Asks: 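Before I ask anything, let me first share the structure, which is written out below as structure tokens.
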Amino acid sequence: MRAYRPLPRRFYERSSVVVARELLGKVLVKEEDGLILAGVIVETEAYGGPEDPASHAARGRTKYNWPLWRDPGLAYVYRIYGVHFCLNVVAAEKRGLGSAVLIRAVEPIEGLEVMMRRRRVGNPRLLTSGPARLAEAFGIDLSFNGWDLTRGEVLYIAEGREVPDQQVVSTTRVGISKARDKPWRFYVRGNPYVSRR
DNA sequence: CACCCGATTATCT
DNA sequence: GATAATCGGGTGT
């Protein structure tokens, strides 16, 4: 019996805004040769298709963003500022719409020692409280671009705990210059691993 | 080819 | 608060 149950593809076959909200409380899992890393998703952001100027889909298809136009449930990993990686999961009512959800923060629950070694920090709060921080802690790089997160192998997202609406905060997205009015960032109120800003 | 900007973070002052 | 890290993608000469 598996420790974590991967979310089925149909979970991701909804609008990215709905999926971003529903991903709160789910578990990001990485399995590397028996080593297990896991963290509860506590912060996400929804990005639309080409009609959302803040989305990478607005650039049209490029060498790296091709997963955005493939099946919901695939990972879209990109390099940012030349030095970091960020993890998205493709989410849309149907294939080809270009929308996705950025995983911005998780609360680490398994594999803390390995994460601390990779991140070279002692304070647990600095391990995974930001999209590039969690990518480094989990060892996520461009080799996972296009990875199918529904297969339950190596890197996937699993069932977790329900987060009641009362604990969910919706605000505008972080770090963008276009379409700044959309309230498509979601996080768990009071969780210490939510990224600061 | 040159230049600018970016879904970020660590490390200064 | 300011800056460097320096890759991917867009734009303009």
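What you see is a predicted model; the values in this text were computed from it and never measured. Throughout, a chain's letter reflects where its sequence line sits, starting with A, and its residues are numbered from 1.
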Asks: A:Tyr76: which residues meet the ring pair (Phe, Tyr, Trp, His ring centres under 6.0 Å) condition with it, sequence neighbours left out?
Replies: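 By the ring pair (Phe, Tyr, Trp, His ring centres under 6.0 Å) rule, A:Tyr76 matches A:His56, A:Tyr78.
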Asks: Picking from C:dG8, B:dA7, B:dT9, which would you name as closest to the side chain of A:Leu142?
Replies: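 Between C:dG8, B:dA7, B:dT9, the one nearest the side chain of A:Leu142 would be C:dG8.
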Asks: Does A:Arg173 reach a base, just sugar-phosphate, or nothing at all? Heavy atoms under 4.0 Å.
Replies: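 Nothing, no nucleic acid heavy atom in range.
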Asks: Would you mind reading off the distance between A:Phe186 atom CZ and B:dA7 atom C1', rounded to a whole angstrom?
Replies: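 Taking atom C1' of B:dA7 as the reference, CZ of A:Phe186 is at 15 Å.
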Asks: Could you run through DNA chain B and flag its stems, i.e. three or more consecutive Watson-Crick or G-U pairs with both distances under 3.5 Å?
Replies: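 Stem segments, range with range: B:1-6 with C:7-12, B:8-12 with C:1-5.
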Asks: For A:Tyr64 and C:dG8, is the shortest distance between a side-chain N/O and OP1 or OP2 below 4.0 Å?
Replies: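 Yes.
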Asks: Tell me yes or no: between the side chains of A:Ser129 and A:Arg125, is some donor less than 3.5 Å from an acceptor?
Replies: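 The answer is no; no qualifying pair exists.
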Asks: May I have the distance from A:Ile80 (atom CD1) to C:dA4 (atom P), rounded to whole angstrom?
Replies: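 A:Ile80 atom CD1 is separated from C:dA4 atom P by 18 Å.
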Asks: Which is more 5' along DNA chain B, the nucleotide nearest A:Val121 or the one nearest A:Ile176? Just name the residue.
Replies: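 Nearest-nucleotide comparison on DNA chain B picks A:Ile176.
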Asks: With respect to the phosphate group of B:dG6, does any side-chain polar atom (N or O) of A:Ser177 fall under 4.0 Å of OP1 or OP2?
Replies: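 Yes, such a contact exists.
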Asks: Can you measure A:Asn65 atom CG to B:dG6 atom P for me and round it to whole angstrom units?
Replies: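 From A:Asn65 CG to B:dG6 P: 18 Å.
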Asks: Just how far, in rounded Å, is P of B:dA7 from CD of A:Glu43?
Replies: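 That distance rounds to 15 Å.
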Asks: Kindly work out whether a path of hydrophobic side-chain contacts (I/L/V/M/F/W/Y, heavy atoms less than 4.5 Å apart) joins A:Leu102 to A:Val19.
Replies: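 No, separate clusters.
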Asks: What nucleic acid atoms does A:Arg180 come within less than 4.0 Å of, heavy atoms only: base, sugar-phosphate, or nothing?
Replies: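 It contacts nothing in the nucleic acid.
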Asks: Ring-on-base stacking between A:Tyr47 and B:dA7, under 5.5 Å between centres and under 30° between planes: is it there?
Replies: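 Aromatic stack with B:dA7 present for A:Tyr47.
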Asks: Side chains of A:Ser195 and A:Glu43: any donor to acceptor distance under 3.5 Å?
Replies: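 Per modelled atom types, A:Glu43 and A:Ser195 side chains form a pair under 3.5 Å.
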Asks: B:dT8, B:dA10, C:dG9: which one has an atom nearest the side-chain heavy atoms of A:Arg133?
Replies: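 Minimum distance to the A:Arg133 side chain belongs to B:dA10.
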Asks: Quick check with a 6.0 Å cut-off and a 45 degree axis cone: is A:Arg14 positioned over the face of A:Phe11's six-membered ring?
Replies: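 The answer is yes; both the distance and angle limits are met.
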Asks: Does a side-chain N or O of A:Arg104 approach OP1 or OP2 of B:dT8 to a distance below 4.0 Å, or not?
Replies: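 Yes, because at least one side-chain N or O of A:Arg104 sits under 4.0 Å from OP1 or OP2 of B:dT8.
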Asks: Send over the distance from A:Leu126 CG to B:dT11 C1', rounded to a whole Å.
Replies: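 Rounding to the nearest Å, CG of A:Leu126 and C1' of B:dT11 are 13 Å apart.
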Asks: Which nucleotide, B:dA10, C:dA5, B:dA7, lies nearest any side-chain atom of A:Val83?
Replies: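 From the listed options, C:dA5 comes nearest.
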Asks: Whole Å only: how far is the OH atom of A:Tyr78 from the C1' atom of C:dG9?
Replies: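 After rounding, the gap between these two atoms is 14 Å.
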Asks: Whole angstroms only, please: what is the CG-P distance between A:Asn88 and B:dA7?
Replies: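 Going from CG in A:Asn88 over to P in B:dA7 covers 11 Å.
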Asks: A:Leu155 and A:Leu7: same hydrophobic cluster, using ILVMFWY side-chain contacts below 4.5 Å?
Replies: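 Yes.
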Asks: Taking only N and O in the side chain of A:Arg120, is any of them less than 4.0 Å away from OP1 or OP2 of B:dA10?
Replies: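 No, outside the criterion.
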Asks: Rounded to whole angstrom, note down the C1' distance from C:dT3 over to B:dC5.
Replies: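 So the two C1' atoms sit 16 Å from each other.
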Asks: Checking contacts here: which listed nucleotide (B:dA7, C:dG8, B:dT8) is nearest the side-chain heavy atoms of A:Ala132?
Replies: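 Output: B:dT8.
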Asks: side-chain hydrogen bond (donor to acceptor under 3.5 Å, both in side chains) with A:Tyr4: which of A:Glu31, A:Lys26, A:Glu110?
Replies: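 Among A:Glu31, A:Lys26, A:Glu110, the one meeting side-chain hydrogen bond (donor to acceptor under 3.5 Å, both in side chains) with A:Tyr4 is A:Glu110.
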Asks: Any side-chain N or O of A:Thr62 below 4.0 angstrom from OP1/OP2 of C:dG8?
Replies: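 Checking C:dG8 against A:Thr62, no side-chain N or O comes under 4.0 Å of OP1 or OP2.
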Asks: So among A:Arg59, A:Lys182, A:Arg173, which one has a salt bridge (charged side-chain N to carboxylate O under 4.0 Å, His left out) with A:Asp52?
Replies: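 Exactly one candidate clears the test, A:Arg173.
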Asks: I need the CD-P distance between A:Glu136 and B:dT9, as an integer number of Å.
Replies: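 That distance rounds to 10 Å.
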